[in-house]
Every structure is written in C-alpha cells, then in structure tokens.
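This report concerns only the one structure given below.
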Amino acid sequence: FFCARNRRPHTMSVRVQDIQRRLKSNGLFLRSGGLRLLQETLGKLSKQLNEQQLHKALDLIVNRLVAETLESNVVDEAIMGEVLRQLHHEGRGEETLAEDEVFKVVSAFSKPWYLFHSDRNSFVRVTREWTLHAAADSKAALFRQRLAVLTQRTLRHALFQPALEGVAAETHTFQLTPIQALLGRQSQAGKGEVLVLLGMLTQLHEGKFYLEDADAAVQIDFSQAATCSGLFTENCFVITEGHYFDGVFRASTLGFPPPEPRRVSKAVFGSVDFHGTMLQPQQVPKMLKFERENEAAMIVVLSDVWLDKPKVLVKLRALLQGYSQTEVAPLAFVLFGNFLSQHYGPDHSRMFKEGLDSLADLIAEFDYPSSKFVFIPGPHDPSPGNILPRPPFAPYFTERMRRKVPAAIFSSNPTTVRYGTQEIVLFREDMVSKMRRNCVVPPADDGGETEISAHLVKTLLDQAHLCPLPLHVQPIYWEQDHALSLYPLPDTLVLADRFDAYSLSYEGCTAFNPGSFFLTDFSFMVLWPSRALLSPDEELYDRRVEFSKID
C-alpha cells in the first residue's frame, strides 16, 4: 500500500525526497499544497526536459524562493504559485543576453573563498582577503578543509547512510570510525573488529605511512591491501577497511572517497556560489534556451602552442583561416602554455614577448568579431615561480595582444569558465607524469584495461581537487587552495598535459586532454557544450568532445 501510494509518475524524475532536502538545506519547509503544485509543474516539464535540465529547473525555483522576502520559512501553495508565475513570465521574455553573461571567465584569484563548517553543515564565505605569506596554521587548515568537504560528501553517499530502524537494508552499509577511537584499543591479529577509516596518507616518520584525520593519526600497513583504480600519493585522502592491532591499522582494502554527481551537490548547496559563476534565477531559463538554440557553439582547445617554432605559426594560420570561413565561428579559442618549447635563459622573457606579439599580428589578420581568445599560462611560462595557482601574464607581455585583439582574455591557471549554465574548469599541468612518479601504491592491475588517463581523472574527481600531490612536490598558496577545488564537480574538466590526448566521462563530468599541439602533429580538441542539453542520448553526450588535426 505504501509503495502504491508513493509511486512516482513515469515522466517524473525528481524525487520528493530531493525536493524536500533541497529546500531544507536552504532553511525552507514545504507544505503539502506547495509540494503538490511543484510536483505538477516538474511533471509537465519532464515531458520536454531531460533529467539534468529538470534538476536545473528545480535549482532555479529554489534559488528564487531563497531570494524572495518571506514572512516565515514555510512555503505554502500561494507562495509557490506566485514564484512559478514570476518565472513563467520571465521565461517568456525575449531579452538579449550580453556576451559576458553567456561566456564568463573567472580567474582563480577571483574565486570566492568558502569554508565548510561541520557544526553548521554548511559552507560559510570568508570575507577577509587572502594573504600571500599566510601564517603557519593556514597550511594545516587547507588539509582540514579538504577532509571536511570529503567527509560530508561521503556521509551523504548511500553506502554510508545508516539503515532505518525496523527497515531491512537493501545493501550493506558502512560506518566511519574516527581514528581517535582506535587509540588504546587492544585486539589480536585477525580477531579484531573490521573498521572503516577515512583520512589522509602521510609519512610522519621516514619509511612509515600514517593515516591522519583532523584529530589523530595511526600507522597504517597497506602492503597487502587490495586497491581500486586511481593514483595513490602522499597527502591524498583514502577510505580503508581493515583491522587494528599492535598499534598499526592493517588495511585489507584501499580506495578513494566515493564521488558525488554535480546535480546532487548542487541540490544540497545550490545557493553557494563556489566558483563565482552563479546565475541569477531569472537568467537560468534564458541561458538554457540560448544553449539549446546555439547547438553549433564550439570551443577550440589547443595546448603547448610553441610560438618559437615557425611551423606552429604556419599551422595556426591554417586553423584561423579555416574557422574564419565557417558559417558559425567558434565561441572561443582556448590556448594553453607552454608557449615556448624550451627555456632560453636570460632571453626567455624576450622570446616569450616576441612570440605573443607575432601571434597577435596573426590573429588580427582574420575577422573574429564574436570569438574570445583565452590564454592560460603553462608551468614553464614567465611567472612568479613554480606555485599554484599561477597568475595571468604580466601586462608587459600582453600589451600588443590586447591592443590588436580586444577579445583576448589572459587568465590564471587554473581558470573557471561558465558557458550558459555549464561550468568548465581549465587546468594546465603535467599531472600524469607527476602523479605516476609520486605514487606510493602501484595502480590497480586489471590487465591493462584501465588507461593511466582514467586513473588520473578518477583520482582528481574523487579527491575533489586538481592537484592532490604533496606540497613539496607541487607548492600551492596555502590560502588559495580553494581555487583548485573540484567541488561540486564541473560539467567539463580540461586537463591540458603533454601526455597523449584522451577524452572520457566520469560521474557526469566530461574530462579531456587536447595533447601537445606540436608533439601530436598539430592536433587539438573541439568542445561542443550544447550537446549535453540537446538530447539525453548517451552517444551524443560522449561526442561533446571531438579530436581534430591540421593537415
């Protein structure tokens, strides 16, 4: 009887629990009349929209409710009806979208700084400015914050949800044990309780690994542990199952915290502007409409554009000439460094400037009135040092480009781009070689079925961080660690690397590497972001990224 009463209509793909949880996380309570009206509206929309679009529509409605000035936190049928009427009228508007609304580039140094507070179970924005030379406690704080984000995400996963009393669990669930609870325990080898821990792998003493959380640390032996796919390095966070005895945790399995699809994260924290790209409620329907109507919109992505190689400029001329003759010009050209093939010592800055000036003259020869040119620095381009995030190029280098190409955008590494309603993260670093070189556990052996690129993508998205390496391997500004966060997961992640080009999808996030432009015989990638919205067809979704080459 209970199942029959609560069975959802076939066309409805947003659960009542999702609606209630989404509103509750924003401090709102929905009465039965408001819930019925919202269900009817989403049910009608489900005949026209796919599941991803339905969840974006729910986000739009909740964000508008949050923005409304209400007498109380109770949403009844009258309030819900008024909000839905407002959105309906706004959605019928034919206002023209400004270019900076459709395609917005956010530097890492402009990204809002949020900290997760476990006691409030919410993200709170930090209002003070970050400092370059932060105090020593900021170093520990960045790891505590990474752990807090992964912990709250893990506890929300179905495998870690406690079973309801009196209800038979459909699947076996797990319970995390704080490391502090292990201290002082006594048990014999192989006879202790099976425990599940979440913490950071670290070497507190040379040659001995420890698992550390916010309160304690325990020595861990994972020499006999079965591992999941991924690249395990120092300072990465793991979930491990095993026994504790003789002061050492003997791991039987080692894996990463379970990932969380973007729509789930947004349903919980939809009112938090993590990347500085949040749309106003009235903008969302216009953006969705724009994306659907501009199915030919494309972003051309190139990496390692070595401007000291004459042949590179010849191929770039062919590329620019070709796209200038297409019916629809690319929405943007994204060019990643390194922009020189080697370091030229004292002449490096001069060579770099001359290369950019030559590129500016080349781009100016063609007519691209609506295309953006986004430049992301590489690890060997002129910068303050080998530390992340990397700032944009100094004005000295970009003066000519800005004058000749007004649409040029020089941003940081990494950078977040919002196209319509979608978020795209751009990052340039040789992560495959760095992660593989610093692995403390060999990648899981599955007979070679999993490519190293898949190991890398899974690691970064499971860790919710672009660079989970030890700080002595890849330094990070302590108070800018949030700029490298991948929570919530982006719609698209571009991992520009000298490694071979690849494209794959993981937990609803499309990740790809265009490869080195020069070393791959002038190959590049083209991203078609609107294909994610045009059809729920999985084959079409996978074809959002296409490999191209200049003959």
Side-chain angles (χ1 to χ4, degrees), residues 14 18-30 52 55-70 73 75 83 104 106-130 141-142 144-157 257 259-284 287 389 414-425 461 463-466 479-493 507-509:
V14 180
D18 292 337
I19 296 172
Q20 296 282 21
R21 184 169 57 247
R22 178 72 175 81
L23 285 158
K24 190 176 181 180
S25 67
N26 286 277
L28 298 175
F29 295 92
L30 193 59
Q52 181 184 8
H55 281 277
K56 287 186 177 181
L58 177 60
D59 286 344
L60 167 66
I61 295 168
V62 174
N63 289 338
R64 173 53 65 90
L65 286 168
V66 172
E68 288 288 308
T69 303
L70 305 177
N73 62 347
V75 179
V83 166
K104 182 178 181 180
V106 180
S107 164
F109 299 96
S110 301
K111 189 174 178 180
W113 183 6
Y114 285 91
L115 295 178
F116 183 79
H117 289 248
S118 301
D119 53 340
R120 304 183 191 179
N121 196 33
S122 63
F123 286 88
V124 178
R125 185 163 185 172
V126 179
T127 55
R128 70 174 179 85
E129 293 291 328
W130 73 282
L142 76 87
R144 286 199 301 269
Q145 186 58 206
R146 290 189 200 177
L147 176 61
V149 171
L150 293 175
T151 300
Q152 62 86 23
R153 191 186 76 181
T154 300
L155 293 176
R156 197 162 44 248
H157 193 274
E260 183 175 79
R262 176 180 174 82
R263 62 175 180 80
V264 176
S265 303
K266 295 293 286 184
V268 179
F269 301 111
S271 59
V272 180
D273 187 9
F274 289 98
H275 302 288
T277 59
M278 179 177 284
L279 294 166
Q280 295 299 320
Q282 63 270 22
Q283 293 177 297
V284 175
M287 288 295 182
T415 280
T416 302
V417 172
R418 176 176 54 72
Y419 168 67
T421 61
Q422 302 181 51
E423 284 183 357
I424 305 167
V425 173
L461 297 184
Q463 296 291 311
H465 200 273
L466 283 168
E479 292 193 350
Q480 275 290 309
D481 188 66
H482 65 279
L484 281 78
S485 172
L486 288 175
Y487 186 83
L489 299 184
D491 294 286
T492 305
L493 174 61
E507 290 297 326
C509 174

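Atoms considered below: every heavy atom in the structure, side chains included; atoms not considered: hydrogens, waters and symmetry mates.
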Worksheet item: Nearest 0.5 Å, what's the CZ-OG1 distance between Arg156 and Thr151?
Response: 11.5 Å
Item to complete: With the side chain counted from C-beta on, respond yes when Tyr114 and His482 share a heavy-atom pair under 4.5 Å apart, and no when they do not.
Response: no
Worksheet item: How close do His465 and Asp481 get, heavy atom to heavy atom, and via which atoms?
Response: NE2-OD1, 2.9 Å
Item to complete: State, to 0.1 Å, how close Leu279 and Gly420 come at their nearest heavy-atom pair, and which atoms those are.
Response: CD1-O, 3.6 Å
Practice prompt. Could you check Thr421 against Lys56 for side chain to side chain contact (heavy atoms under 4.5 Å, CB included), going step by step and ending with a plain yes or no?
Written response: CA-CA 9 Å; Thr421 61; Lys56 287 186 177 181; 2.7 Å; yes
Item to complete: Without swapping roles, check the side chain of Lys104 against the backbone of Thr277 for a donor-acceptor pair under 3.5 Å.
Response: no
Discussion item. So Asn63 and Val284, do their side chains get closer than 4.5 Å, heavy atoms only?
Written reply: no
Discussion item. Can you give me the closest heavy-atom contact between Pro488 and His275, atom names plus distance?
Written reply: O-NE2, 4.0 Å
Discussion item. If I take atom CD from residue Gln480 and atom NZ from residue Lys111, how far apart are they, to the nearest 0.5 angstrom?
Written reply: 9.5 Å
Worksheet item: How far does CD of Gln20 sit from CG of Leu28, to the nearest 0.5 angstrom?
Response: 11.0 Å
Response to the item:
Value for CG (Leu155) from NE2 (His157), rounded to nearest 0.5 Å, stands at 11.5 Å
Worksheet item: Could you walk me through whether Ser485 and Val149 pass the side chain to side chain contact (heavy atoms under 4.5 Å, CB included) check?
Response: CA-CA 10 Å; Ser485 172; Val149 171; 5.8 Å; no
Worksheet item: So do the side chains of Asn121 and Phe116 get within less than 4.5 Å of each other, counting heavy atoms only?
Response: yes
Discussion item. Tell me every residue that passes side chain to side chain donor-acceptor pair (under 3.5 Å) with Thr154, counting only those two or more places apart in sequence or in another chain.
Written reply: none
Worksheet item: Pro389 and Ala483: which non-hydrogen atoms are nearest, and at how many Å?
Response: CG-CB, 4.3 Å
Worksheet item: Can you check side chain to side chain contact (heavy atoms under 4.5 Å, CB included) on Glu507 and Leu461, steps first, answer last?
Response: CA-CA 9 Å; Glu507 290 297 326; Leu461 297 184; 5.7 Å; no
Worksheet item: For the atom pair CG (Leu23) and CG (Leu58), what is the distance rounded to the nearest 0.5 Å?
Response: 7.0 Å
Worksheet item: So Phe269 and Phe123, would you call those rings parallel, tilted or perpendicular, with 30° and 60° as cut-offs?
Response: perpendicular
Discussion item. Can you tell me how far apart CZ (Arg263) and NZ (Lys266) are? Round to the nearest 0.5 Å.
Written reply: 14.0 Å
Response to the item:
Of Arg146, Gln152, Gln463, the one forming a side chain to side chain donor-acceptor pair (under 3.5 Å) with Tyr487 is Gln152
Worksheet item: Can you find a pair of side-chain heavy atoms, one from Val124 and one from Leu115, that are under 4.5 Å apart?
Response: no
Worksheet item: Does the side chain of Leu489 reach to within under 4.5 Å of the side chain of Glu260, using non-hydrogen atoms?
Response: no
Worksheet item: Can you name the nearest heavy-atom pair linking Ser118 to Ala148, along with the distance?
Response: OG-CB, 4.4 Å
Item to complete: Mind listing the closest non-hydrogen atom pair of Leu150 and Pro257 along with its distance?
Response: CD1-CG, 4.2 Å
Worksheet item: Does the distance from a Lys or Arg side-chain N to an Asp or Glu carboxylate O, for Asp59 and Arg22, drop under 4.0 Å?
Response: yes
Item to complete: Taking the side chain as every heavy atom from C-beta outward, state whether Arg262 and Cys509 have any pair of such atoms under 4.5 Å apart.
Response: no
Discussion item. Please check this pair: side chain of Asp491 against backbone of Ile424, looking for a donor-acceptor N/O pair closer than 3.5 Å.
Written reply: no
Worksheet item: Charged N to carboxylate O under 4.0 angstrom, Arg128 versus Glu479?
Response: yes
Item to complete: Evaluate side chain to side chain contact (heavy atoms under 4.5 Å, CB included) for Arg125 paired with Asp273, printing each intermediate quantity in order.
Response: CA-CA 9 Å; Arg125 185 163 185 172; Asp273 187 9; 5.7 Å; no
